[in-house]
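Worksheet: one structure, shown below.
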There are 2 protein chains.
Amino acid sequence: MASSLTATYPWTKVPLISCAPMRLIANATLAAAVSIAGGLGFIGAGSDISTLSSELFQARDILTKANISTNTGVLPIGVGFLIWGAPLADTLAVLRKPENIPAAVWLFAPRNPNQLKDWTEGVREATSNKTKIWIQVTSVREALEAVKLASPDVLVVQGTDAGGHGAAQGAGITSLIPETIDAVTEHCKSSSSAPLPFFVAAGGISEGRGAAAALCLGAQGVCLGTRYLAANEATIASGYRDAVLRASDGGTTTIRSSVYDQLRGTTEWPAGYGGRGVLNASYRDHEAGVTFEDNKKLYDEAVASGDKGWEGDRARLTTYAGTGIGLVKTIMSAEAITQEVRDNALKVLSSVSVSKL
Amino acid sequence: MASSLTATYPWTKVPLISCAPMRLIANATLAAAVSIAGGLGFIGAGSDISTLSSELFQARDILTKANISTNTGVLPIGVGFLIWGAPLADTLAVLRKPENIPAAVWLFAPRNPNQLKDWTEGVREATSNKTKIWIQVTSVREALEAVKLASPDVLVVQGTDAGGHGAAQGAGITSLIPETIDAVTEHCKSSSSAPLPFFVAAGGISEGRGAAAALCLGAQGVCLGTRYLAANEATIASGYRDAVLRASDGGTTTIRSSVYDQLRGTTEWPAGYGGRGVLNASYRDHEAGVTFEDNKKLYDEAVASGDKGWEGDRARLTTYAGTGIGLVKTIMSAEAITQEVRDNALKVLSSVSVSKL
């Protein structure tokens, strides 16, 4: 194992800033831009790999022109999979092509824990151990399970402030990261077969202060999702993006629920997960007892209305985003976001001096 | 306004560690011990001031022996009130006695926002401005409201990881603290009548890493509740304390709910609050549709069984605690807890160097 997280990905700068593999949103252009800025961008393949080859082709094209050195021949980006649904064999067939080997894969949400083992072993074999394994977990229990089953290179520890999918019930990173690190470290010390992974924090981090906080909690890197919704390179409807820019006070204006998935017809997630998004009329009507059929009809009408479906008090279209949504105020390039978060994290760490407290 | 938070309380050390005014649990012995260790301890008067005079008498006795200099003649502790229920006039009659004037009062949960103004003005008048006003808020909106109505000296910004009562729905401190600071700072800049308060972070902080993180987020001090449940000086049943020491993975083993209040007969809280506690049989039965009457009967039987009511899978007695419960592993003196959190926060801040990332 490398001596530091950034040493593993030689084009990256300290501290490592990564972009979450947001399904449908984090495509080749976004992932590549984050890596070009010295971070690690992830393509969000989700459970559907039908466009994976073309996304990798596009990313390779952008990254080749940027001339990033990876020294092991991997593509300097990652790919995220929802392993409850993504087809393992077909995925490996794509990833094993020498030109496709990503620097990392990000595995989330197994239908049963053994999928973590199967995917990890499969990817390591297919890529001759060139691809690092990132596993996203939402609790101390899941972290220990992942380490025991798969010995990942990185644990992405996701707090409940995160946007989109995560555990229906969970803690924020303030308590989750230190407790997870302590428990995993203790396990690895007592087991000669379990190398200590790196830890990346996710959930509620929108800018430099949150990133610096995550590093104090013990993480070696951070992951941002919501902030990159406002990146120029995100694949996102303008109505969705405008809704993100408008929202504030995310603790009161976003909610974790399964109702948005139900309305979108995304019903294959295993039990125990929910998606955090802006609290809208679909959610309020659901809570008020409107039948699913009626709510779905209203939702479909909103879909048909396009970007207007995200506007006003009666907005119904899903706006997956985390509690950090209020800190997202302007559209920027992914490169500028990545640099700003990294630079400000370092500034915060050096400026929180005792004399100011 | 003082130049720093600790300068306001001259016996305190940097960074300021405070103990939450936990009703029934944070009494004179705990509050005094925290202050003696260079923090700021709060007595949790809650909504009932029948023992306030005697608690202040006891605290004064302990603190006088410890010979702490406060230079303005205030008692070097604070008192927390739930202002939806505490009687303002009677409270002021106690606080205005020269020997009783506390260094701070902590106001939480108004039934209507104007109570913040009435209490702040009342306390400032009764104590000749010697007592600093701390107001606990759970969202950006509440923070702005408190600043506009009461110009508090300190905003305690509580994230949803906190144990006990808080907003039924909210964000963790990772996003809540920076957004609140930005919004309040912007408001105060644009209003000549609004001095910028200090910010204290609460929610999920159990030890030095969380405290360091909170300082990076922009807070000048931190508040711990759950950790002090395991202080020797806490007024707490041994069954409750043992349940805290046993619990881990607080994101999955604690839950914010109103069911615990209902079973305890604490039904006067305004709408919109819930208490986070260990997820127990009372909660599971409630979720499974057991009637309140049946659940209450089982709860009352558990009460009658004493400390056993906190044991095992069928534990029913309320264990209010935050998601940081898994980081609370040993019983220590409040003095040792306060020193350890403070020292480790400073160590973390100085050791998170870029070379290790």
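All values below come from the heavy atoms of this structure, side chains included, with hydrogens, waters and symmetry mates left out. Residue numbers start from 1 in every chain, and the chains themselves are labelled A, B, ... in the order their sequence lines are given, proteins ahead of strands. Just so it is clear, the model here is predicted, and its values are computed rather than measured.
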>> Contact between A/P178 and B/R209 at the side-chain level, heavy atoms closer than 4.5 Å - yes or no?
In response: yes
>> Between A/S248 and chain B, with a heavy-atom cut-off of 4.5 Å, which part of the residue counts as in contact: side chain, backbone, both or neither?
In response: both
>> Please check: side-chain N/O of A/E179 versus main-chain N/O of B/D249, any donor-acceptor pairing under 3.5 Å?
In response: yes
> Once you round to the nearest 0.5 Å, how far does SG of B/C216 lie from CG of A/L217?
Replying inline: 9.0 Å
> What part of A/T252 is in contact with chain B, defined as an atom under 4.5 angstrom from a non-hydrogen atom: side chain, backbone, both or neither?
Replying inline: both
> For B/I177, is it the side chain, the backbone, both, or neither that has a heavy atom closer than 4.5 Å to a heavy atom of chain A?
Replying inline: neither
> Got more than 12 heavy atoms from elsewhere within 6.0 Å of CG, A/N112?
Replying inline: yes
> Is atom CD of A/E287 surrounded by more than 12 heavy atoms (other residues, nucleotides or ligands) closer than 6.0 Å?
Replying inline: yes
> Of the listed residues (B/A167, B/S206, B/G324, B/S175), which shares the most heavy-atom pairs with chain A below a 4.5 Å separation?
Replying inline: B/S175
> In Å, rounded to the nearest 0.5 Å, how long is the span from OG of A/S351 to CG of B/L349?
Replying inline: 10.0 Å
> Looking only at atom types and distance, does a side-chain atom of B/D161 sit under 3.5 Å from a main-chain N or O of A/G172, one as donor and one as acceptor?
Replying inline: yes
> Taking B/T138, B/L176, B/I255, B/T180 one by one, which has the highest count of heavy-atom pairs under 4.5 Å against chain A?
Replying inline: B/I255
>> Just verifying a value: how many Å separate A/Q169 CD and B/T253 OG1, rounded to the nearest 0.5 Å?
In response: 8.0 Å
> Any idea which of B/I205, B/D182, B/I325 has the most non-hydrogen atom pairs under 4.5 angstrom with chain A?
Replying inline: B/D182
>> Please determine whether side chain to side chain contact (heavy atoms under 4.5 Å, CB included) holds for the pair B/T174 and A/T174, giving the CA-CA distance in whole Å, both sets of side-chain angles, and the decisive distance to 0.1 Å.
In response: CA-CA 7 Å; B/T174 306; A/T174 306; 4.0 Å; yes
> Tell me, side chain or backbone of B/S139 under 4.5 Å from chain A's heavy atoms, or both, or neither?
Replying inline: both
